[in-house]
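This report refers to the structure that appears directly beneath it.
Computed from heavy atoms alone, side chains included, the values below leave out hydrogens, waters and symmetry copies. Remember, it's a predicted structure, so these values are computed and weren't measured experimentally. Residues take their numbers from the sequence shown, with the count starting at 1.
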Amino acid sequence: MQNQSLQMIKQIFKSAFGLFIFSCGVYLTIQADIGLAPWDCLSMGASYHMGLSYGIVHTGISILILVIDILLKEKIGYGTILDALLVGNYVDLIDRILSLPKWDSLPLSCIMVILGLFIMGYGQYFYMSAGQSCGPRDSLLIALGKRFPKTPIGVVQTCMIGVALLIGWLLGGPVGIGTIISVFGMGTALQIVCKLMHFEPRTVAHRNVAEATRLLLGK
């Protein structure tokens, strides 16, 4: 039982570490300054009007989505909660520590976005392999997919991120070539990372909070 508790602690820390790596990638896509991925565009656009940092707004939106996931009775794990609470704050922390300058060169900025997507992919590998459930946005996608079973999941995802991008753009969030690269490149980058790491996300058995807590307590 003690070994199970220790293993669960390691997995939770692995999830938090993966989210930090993921946030480093997000930070690079922001610093590239040529447009953001849909959800980041929404958070950044909202931050302009609220007088708050990107990280705080991102965290607030994530918590709101987390509440919706709970209401829709989706599986919530420690990874889901950590995702909601840490990513935005990690990005703010990284920005304070690094304060990287923005690039004036479009080719270099595009390279920065692509590099950021691959770093995000490695972060996703770490926190997905920890088995602590999906992030709030992925859980929302699953919940919506269940409620529109005849609609392909790809269409559901496109509609979901399309709404996020539209609202973000209306709020003044950065939209540009970086947005296009992110939309079409994020999945590709993750697929390449999974292949390099010999990892198949669909084989991971995710635990919800209740299951993980029982193992933490050695029950």
Side-chain angles (χ1 to χ4, degrees), residues 1-29 39-40 43 54-56 58-98 115-143 145-146 186-187 189-219:
M1 291 297 182
Q2 187 175 5
N3 289 337
Q4 285 185 335
S5 299
L6 182 59
Q7 183 65 23
M8 186 54 53
I9 292 171
K10 288 180 178 178
Q11 288 178 346
I12 292 173
F13 273 102
K14 183 179 182 181
S15 181
F17 173 74
L19 290 168
F20 177 76
I21 299 299
F22 179 85
S23 302
C24 290
V26 172
Y27 173 71
L28 288 182
T29 64
W39 287 110
D40 296 323
S43 296
Y54 161 87
I56 293 175
H58 185 280
T59 301
I61 292 174
S62 297
I63 292 173
L64 175 61
I65 296 173
L66 177 61
V67 171
I68 295 173
D69 292 336
I70 293 172
L71 293 175
L72 293 175
K73 300 181 179 179
E74 279 306 305
K75 179 183 281 191
I76 303 300
Y78 282 112
T80 316
I81 298 170
L82 289 174
D83 186 311
L85 297 178
L86 294 182
V87 173
N89 292 301
Y90 274 156
V91 173
D92 277 355
L93 175 63
I94 294 165
D95 183 47
R96 285 196 293 271
I97 293 173
L98 295 181
L115 176 61
L117 294 180
F118 275 96
I119 293 175
M120 289 164 65
Y122 274 101
Q124 287 175 291
Y125 157 72
F126 278 107
Y127 80 70
M128 285 193 298
S129 61
Q132 299 302 309
S133 294
C134 303
R137 291 158 184 79
D138 291 332
S139 295
L140 178 60
L141 173 61
I142 293 170
K146 289 177 180 177
M186 191 176 297
L190 176 60
Q191 184 175 344
I192 293 173
V193 168
C194 287
K195 186 173 183 179
L196 290 173
M197 301 304 293
H198 306 289
F199 173 64
E200 174 49 69
R202 287 168 290 193
T203 64
V204 178
H206 290 281
R207 296 182 176 89
N208 59 29
V209 170
E211 294 167 340
T213 301
R214 282 197 296 269
L215 292 174
L216 279 171
L217 298 176
K219 294 182 179 179

Looking only at atom types and distance, does a side-chain atom of [X] sit under 3.5 Å from a main-chain N or O of [Y], one as donor and one as acceptor?
X      : Y      : answer
Gln132 : Ala130 : yes
Asp92  : Gly55  : yes
Asp69  : Leu140 : yes
Thr80  : Cys134 : yes
Thr213 : Val209 : yes

What distance separates [X] [atom1] from [Y] [atom2], expressed to the nearest 0.5 Å?
X     : Y      : atom1 : atom2 : result
Trp39 : Ile61  : CH2   : CD1   : 8.0 Å
Gln7  : Leu216 : CD    : CG    : 11.0 Å
Ile81 : Ile12  : CD1   : CD1   : 9.5 Å
Met8  : Asn3   : CE    : CG    : 12.5 Å
Leu19 : Gln124 : CG    : CD    : 10.0 Å
Cys24 : Leu98  : SG    : CG    : 7.5 Å

Give me the atom names and distance for the closest heavy-atom approach of [X] to [Y].
X      : Y      : value
His206 : Lys75  : O-NZ, 3.0 Å
Val193 : Phe118 : CG2-O, 3.9 Å
Val204 : Gly131 : CG1-CA, 3.7 Å
Ser133 : Arg207 : OG-O, 2.8 Å
Leu85  : Asn89  : O-ND2, 2.7 Å

Beyond-backbone contact of [X] with [Y], side-chain heavy atoms, under 4.5 angstrom:
X      : Y      : value
Met120 : Thr29  : yes
Asp83  : Pro136 : yes
Ser23  : Ile94  : yes
Met197 : Tyr122 : yes
Cys194 : Leu190 : yes
His58  : Val87  : yes
Ile76  : Asn208 : no
Phe22  : Ile119 : no

Whether over 12 other heavy atoms sit under 6.0 Å from Phe20 CZ: no
Ser129 side chain to Lys14 side chain, donor-acceptor N/O pair below 3.5 angstrom: yes
Any donor-acceptor N or O pair under 3.5 Å, side chains Asp40, Tyr54: yes
